[in-house]
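Shown next, in structure tokens, is the structure this report addresses.
Counting begins at 1 with the first residue of the sequence. Basis for what follows: all heavy atoms, side chains included, without hydrogens, waters or symmetry-related copies.
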Amino acid sequence: MTGPAARYPRAPGVGTGPAAEVEHLLRVEAPQVLGALVRRFGQFHIAEDAVQEALLAASRAWPVDGVPDDPRSWLIRIGYRRMVDLLRSDQARRRREQEAGTAELAMQEPARRARPTPETDDSLALLLLCCHPALSATSQVALTLRAVGGLTTAEIAHAYGTTEATMGTRISRAKQQLARAGARFTPPTDADRDSRMAAVTQVLYLIFNEGYTASAGHHLGRVDLTREAIRLTRMLRASLPGDAEVTGLLALMLLTESRRAARTRADDELVPLDEQDRTRWDPELIREGTELIDSVWRGREVGPYQLQAAIAAVHAAAPSPERTDWPQIAVLYLWLERLNPTPPVRLGRVVAVAKAYGPARGLALLDDLNRRHRLDRQPLTRQRERAVRAHLLQMTGDAAGAAALYREAAALTDNEVEQRYLLGRADRLDGRARPL
């Protein structure tokens, strides 16, 4: 693998060498193995457990014995055997033993073994299945990360600031819900794709956002989640190369991720966008993301992800904060708000208007939006609304009001890096040194 796609092959902290290559291979093959088992047995909740055990067996054997010539078939064979065991232990013993017997016969006779079709990629169908409308948004994200992304239950639990047992229960319930809903593993039709693609892209967007700014924890973000979101979105775009919104979503992720290295200092302190060292922005990600959004921008219809990518591209094109085209960004946010009138989008427009036309104009817009939409009470914006208002008050010279709001914002986040940044701004404004 060469080029930009090779930049996100594996989770953070994974080095090079045989063990790392095995981990990367297992992550890539997991959706295909799961697809083969679900296609054969039609029982996602059991097949997913069988795949996890097959992956565990491979992670133990392959670094020692070497990767087999046909790793996917090896994994499917182990998964089939585990499926037999699981089906036998189920309450519907007679019916499922018949299925197990068929599977065992296939395992014993090489000519009858089920093998994946080389040109078939089950990743899109798995994404659609994991994003079934019967599941909550949180369950959709968790199941996607587990089944398609290959993250462990512990990794997913850490991303959401909960325990492994709690997340394991949530994933188990999600699989049971799929079974009760009668979800089937079938190639997506045009109608199925249109009705479910919004859920799929939203799940990938949520995974990326949680990775870029973690909701809790000692670090600003989770690079493993942003990389996984980018990997899955690349995979989705490969399945749907003509979908402009999927292309826009990938462009948005790449352009946003390009700023990661500049977002914190060596001491892990947050650096706001206007103060970032832009020489640390990743030029390859900026180039690829810009080319992607340019390739779909002239289409007849423009969607929310394309607009967000266009905003990110305007930021990326500015050689310095002072040369950012804020009026253009404000117009793009207005367009985006009309298409996707969510609290975060409305708050983003406040920032753009303030940067383009001054803090007084931004505060007036924020007051108006609060009256009509209560951004200061919405779960997705109540913390950032206070941080934005504090920044605008600081720009107008109201240091005391800004300091108080920075502290309110700090109390509303569980991300320790954000807390330190907001409290530090408050301390500098009111002249008190924060105790060590």
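Arg170 CZ to Ser136 OG: the interatomic distance, rounded to the nearest 0.5 Å, is 7.0 Å. A distance of 9.5 Å separates CG in Leu145 from SG in Cys130, rounded to the nearest 0.5 Å. Rounding to the nearest 0.5 Å gives a distance of 14.5 Å between CD of Glu228 and CD of Glu210. Residue Thr264 holds its OG1 atom at 10.0 Å from NE2 of His219, rounded to the nearest 0.5 Å. With values rounded to the nearest 0.5 angstrom, Leu75 atom CG is found 6.0 Å from Leu26 atom CG. The distance from the CD1 atom of Ile311 to the CG atom of Leu332 is 5.0 Å, given to the nearest 0.5 Å.
Proximity of a side-chain donor or acceptor of Arg280 to a complementary backbone N or O of Ala261 within less than 3.5 Å is detected. With hydrogens and angles disregarded, no donor-acceptor distance shorter than 3.5 Å links the side chain of Glu48 to the backbone of Leu34. No donor-acceptor distance shorter than 3.5 angstrom exists from the side chain of Asp282 to the backbone of Arg259, with no hydrogens or angles considered. Listed for the Ser258 side chain is a donor-acceptor partner under 3.5 Å among the backbone atoms of Leu255. Under the 3.5 Å distance criterion, the side-chain polar atoms of Glu385 are left unmatched by any main-chain donor or acceptor of Leu347. Between the Thr324 side chain and the Trp326 main chain, no donor and acceptor come within less than 3.5 Å of each other. Judged purely by atom type and a 3.5 angstrom limit, Ser172 has no side-chain atom pairing as donor or acceptor with the backbone of Gly168. Within the 3.5 Å criterion, the main-chain N or O of Leu375 finds a donor-acceptor partner in the side chain of Thr381. Looking at Thr290, its side chain never comes within 3.5 Å of a backbone N or O of Arg287 through a donor-acceptor pair.
Arg425 and Asp427 are not joined by a salt bridge, as no carboxylate oxygen comes within less than 4.0 angstrom of a charged side-chain nitrogen. A salt bridge is absent between Asp224 and Arg227; no separation between the charged side-chain nitrogens and carboxylate oxygens falls under 4.0 Å. At a threshold of 4.0 Å, the pair Glu408-Arg389 does not count as salt-bridged, since none of the basic side-chain nitrogens sits closer than that to a carboxylate oxygen.
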* Start with the C-alpha gap between Arg384 and Glu418, add the side-chain angles, then the distance that decides, and say whether side chain to side chain contact (heavy atoms under 4.5 Å, CB included) holds. => CA-CA 11 Å; Arg384 188 162 177 254; Glu418 279 191 311; over 6 Å; no
* Starting from the C-alpha separation in whole Å, work towards a yes-or-no answer on side chain to side chain donor-acceptor pair (under 3.5 Å) for Arg278 and Ser320. => CA-CA 7 Å; Arg278 299 191 176 208; Ser320 66; over 6 Å; no
* In sequence, state the C-alpha distance, the side-chain angles, and the governing distance for Thr153 and Gln52, and then conclude on side chain to side chain contact (heavy atoms under 4.5 Å, CB included). => CA-CA 11 Å; Thr153 303; Gln52 291 300 318; over 6 Å; no
* For the pair Leu292 and Val296, evaluate side chain to side chain contact (heavy atoms under 4.5 Å, CB included) and give the outcome as yes or no after the intermediate values. => CA-CA 7 Å; Leu292 284 172; Val296 296; over 6 Å; no
* **Criterion side chain to side chain contact (heavy atoms under 4.5 Å, CB included) on Gln32 and Ile76, from CA distance to verdict** => CA-CA 9 Å; Gln32 309 308 323; Ile76 291 174; over 6 Å; no
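Counting all heavy atoms, side chain and backbone alike, Ala54 lies closest to Trp74 at O-CZ3, 4.1 Å. Taking all atoms of both residues into account, the shortest heavy-atom contact from Ala354 to Gly362 is CB-CA, 3.9 Å. Between His218 and Val417, the shortest heavy-atom distance links the atoms O-CG2, 3.4 Å. Heavy-atom minimum distance, Thr144 versus Cys131: OG1-SG, 3.9 Å. For the residue pair Pro327 and Tyr357, the shortest heavy atom distance occurs at CB-OH, 3.9 Å. Here the closest non-hydrogen pair linking Ile78 and Ala57 is CG2-CB, 4.5 Å.
Counting heavy atoms from C-beta on, the side chains of Leu422 and Arg386 never come closer than 4.5 Å. Put simply, the side chain of Gln306 does not reach to within 4.5 Å of the side chain of Leu339, judged on heavy atoms. Counting heavy atoms from C-beta on, the side chains of Leu365 and Arg361 never come closer than 4.5 Å. You'll find the side chain of Leu270 stays beyond 4.5 Å of the side chain of Arg420, heavy atoms only. Using a 4.5 Å heavy-atom threshold, the side chains of Leu143 and His132 count as separate. Between Phe208 and Leu252 the shortest side-chain heavy-atom distance does not fall below 4.5 Å. In this structure the side chain of Leu392 reaches within 4.5 angstrom of the side chain of Met395, judged on heavy atoms. Taking the side chain as every heavy atom from C-beta outward, Leu37 and Arg82 never approach each other to under 4.5 Å.
Each ring pair (Phe, Tyr, Trp, His ring centres under 6.0 Å) pair with one or both residues in residues 328-350, not counting sequence neighbours, appears once here: Trp297-Trp335. Pairs of residues two or more places apart, or lying in two chains, that qualify as salt bridge (charged side-chain N to carboxylate O under 4.0 Å, His left out) and include a residue from residues 345-359 are Asp274-Lys355, Glu337-Arg346, Glu337-Arg349.
Looking at Thr213 and Arg263, their side chains do bring a donor and an acceptor atom within 3.5 Å of each other. Side-chain atoms of Thr226 and Arg260 form a donor-acceptor pair, as typed in the model, at a separation below 3.5 Å. A donor atom on one side chain and an acceptor atom on the other are not found under 3.5 Å apart for Gln308 and Asn340.
Within a 6.0 Å sphere centred on CZ of Arg372, other residues, nucleotides and ligands contribute more than 12 heavy atoms. Within 6.0 Å of CZ on Arg60 lie no more than 12 heavy atoms contributed by other residues, nucleotides or ligands.
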